[in-house]
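Here, residue 1 is the first one in the sequence, and each next residue gets the next number.
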Amino acid sequence: MKNLLTIFALSCLLISCATDSDFNLRLNSTTLEESENIQTGPGNKLNPFDKAGILYYNTLADYQNNKQIPNSVGEMTEQIKFISSRIDKKMKSEKRVIVFNDSIVESIMSDPDNCMINIVQNSELTSYAKGNLINFLQGLINKRQLDFTVSYNYIVDYEGTVIDDSSLEADETETILTITSISRYSLYSETERKDKDWDLSAGNKPAKKFFSQNEIPIISIIALLQTIL
């Protein structure tokens, strides 16, 4: 009788250990999957033209290492000129070089949606590609006040549809994915800047900013359309 009780107890213990082990395995697997879904940067490895965004990000960092964050129309113009010339040179673009000036920046600030539409409509993209890109950029402009994670997911989802869209020509796909990549990295750089501003202003009254939230990257994205398209 004692032997039967001992065997029964050992069986229960083994079953309990196995159940705990299975539970821990499932828990660890779930935690790993969740951690892999956490977005920690601006990259998207599924975009074959992500190098354009990296180029933008590095160029912006080079500029801001020597210059202050734009806090006027003139300073914004200078930053766009620097980035545009570097992108044009590195990507060996055959598009006409746009001479940026304060008037262009001011017009984008006052009406980003219509400025964007005019630039895209005057490009050499097909009507289908123009409408596709305009819809994306309008959504991006409308989301400019939201957190980076929201914009990131919006951009990446759109990139997926572009990659799968057989109606787009190969060069149109490249052009659009170049713009989306730059958009991701531009908005991410603004998030980094706000974090740095917070650290620098901790305990001090922050300086008044000339541009509103995410206005700098949106202006840059729209202005650079003239170099890319």
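One hydrophobic cluster, built from ILVMFWY side chains closer than 4.5 Å, cannot hold both L46 and V162; they sit in different ones.
With hydrogens and angles disregarded, a donor-acceptor distance shorter than 3.5 Å links the side chain of N71 to the backbone of F210. Between the S110 side chain and the S107 main chain, a donor and an acceptor come within less than 3.5 Å of each other. No donor-acceptor pair under 3.5 Å is formed between the side chain of D147 and the backbone N or O of V150. Judged by distance alone, the side chain of K130 and the main-chain N or O of Q121 form a donor-acceptor pair under 3.5 Å. A donor-acceptor contact shorter than 3.5 Å links the side chain of D165 to the backbone of S167.
The side-chain contact (heavy atoms from CB on, under 4.5 Å) search around E169 returns D171, E172, not counting sequence neighbours. Scored by the salt bridge (Lys or Arg N to Asp or Glu O under 4.0 Å) test, D62 finds R86 as partners (sequence neighbours excluded). For the side-chain contact (heavy atoms from CB on, under 4.5 Å) test, residues two or more places apart in sequence or in another chain that qualify with Q145 are S212, Q213.
Residues L177 and E159 meet the side-chain proximity criterion, which asks for heavy atoms closer than 4.5 Å. Residues L146 and N214 are not in side-chain contact: their nearest non-hydrogen atoms beyond the backbone lie 4.5 Å or more apart. At least one side-chain heavy atom of I222 sits less than 4.5 Å from a side-chain heavy atom of I141. Annotation: side chain of Q226 is in contact with side chain of I104 (closest heavy-atom distance under 4.5 Å). Annotation: side chain of N114 is in contact with side chain of D111 (closest heavy-atom distance under 4.5 Å). Considering only heavy atoms from C-beta on, T227 stays 4.5 Å or farther from I83 through its side chain. With contacts defined as side-chain heavy-atom distances shorter than 4.5 Å, the pair R184/N47 qualifies. With a 4.5 Å cut-off on side-chain heavy atoms, D157 and T161 do not count as touching.
Listed here is the closest heavy atom pair of P70 and I216: O-CD1, 3.9 Å. For the residue pair I176 and A129, the shortest heavy atom distance occurs at CD1-O, 4.4 Å. Of all non-hydrogen atoms in T178 and A52, the two that sit nearest each other are CG2-CB, 3.6 Å. Closest of all the heavy-atom pairs between F148 and T191 is CB-OG1, 3.4 Å. What you find for I182 and L224 is that their closest heavy atoms are CG2-CD1, 4.3 Å. Taking each heavy atom of M109 and I219 in turn, the nearest pair found is CG-CD1, 3.3 Å.
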Could you walk me through whether T180 and N44 satisfy the side chain to side chain contact (heavy atoms under 4.5 Å, CB included) test, starting with their C-alpha distance in whole Å, then the side-chain angles of each, then the deciding distance to 0.1 Å, before giving a yes or no?
CA-CA 10 Å; T180 59; N44 178 18; over 6 Å; no
Before you tell me yes or no, could you show the steps for V105 and F100 under side chain to side chain contact (heavy atoms under 4.5 Å, CB included), namely the whole-Å CA-CA distance, both residues' side-chain angles and the distance that decides it to 0.1 Å?
CA-CA 8 Å; V105 174; F100 292 102; 5.8 Å; no
Please assess F82 against L60 for the test side chain to side chain contact (heavy atoms under 4.5 Å, CB included), listing each intermediate value before the final yes or no.
CA-CA 8 Å; F82 182 86; L60 178 63; over 6 Å; no
Verdict with reasoning, L229 to L133, per side chain to side chain contact (heavy atoms under 4.5 Å, CB included):
CA-CA 11 Å; L229 293 175; L133 181 58; 4.2 Å; yes
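Separating the CE atom in M116 from the CG atom in L137 is a distance of 5.0 Å, to the nearest 0.5 Å. N122 CG to L225 CG: the interatomic distance, rounded to the nearest 0.5 Å, is 12.0 Å.
Each of N132, N135, N153 was compared with Y158 under the side chain to side chain donor-acceptor pair (under 3.5 Å) criterion, and only N132 meets it.
In summary, E75 and K67 do not engage in a salt bridge, as defined by a charged side-chain N under 4.0 Å from a carboxylate O.
Residues Y63 and N58 have side chains that never bring a donor and an acceptor to within less than 3.5 angstrom of each other. No hydrogens or angles considered: a donor-acceptor pair under 3.5 Å links the side chains of S181 and D50. With 3.5 Å as the limit, one finds a donor-acceptor pair spanning the side chains of Y56 and S186.
In summary, the aromatic rings of Y154 and F136 are positioned with their centroids under 6.0 Å apart.
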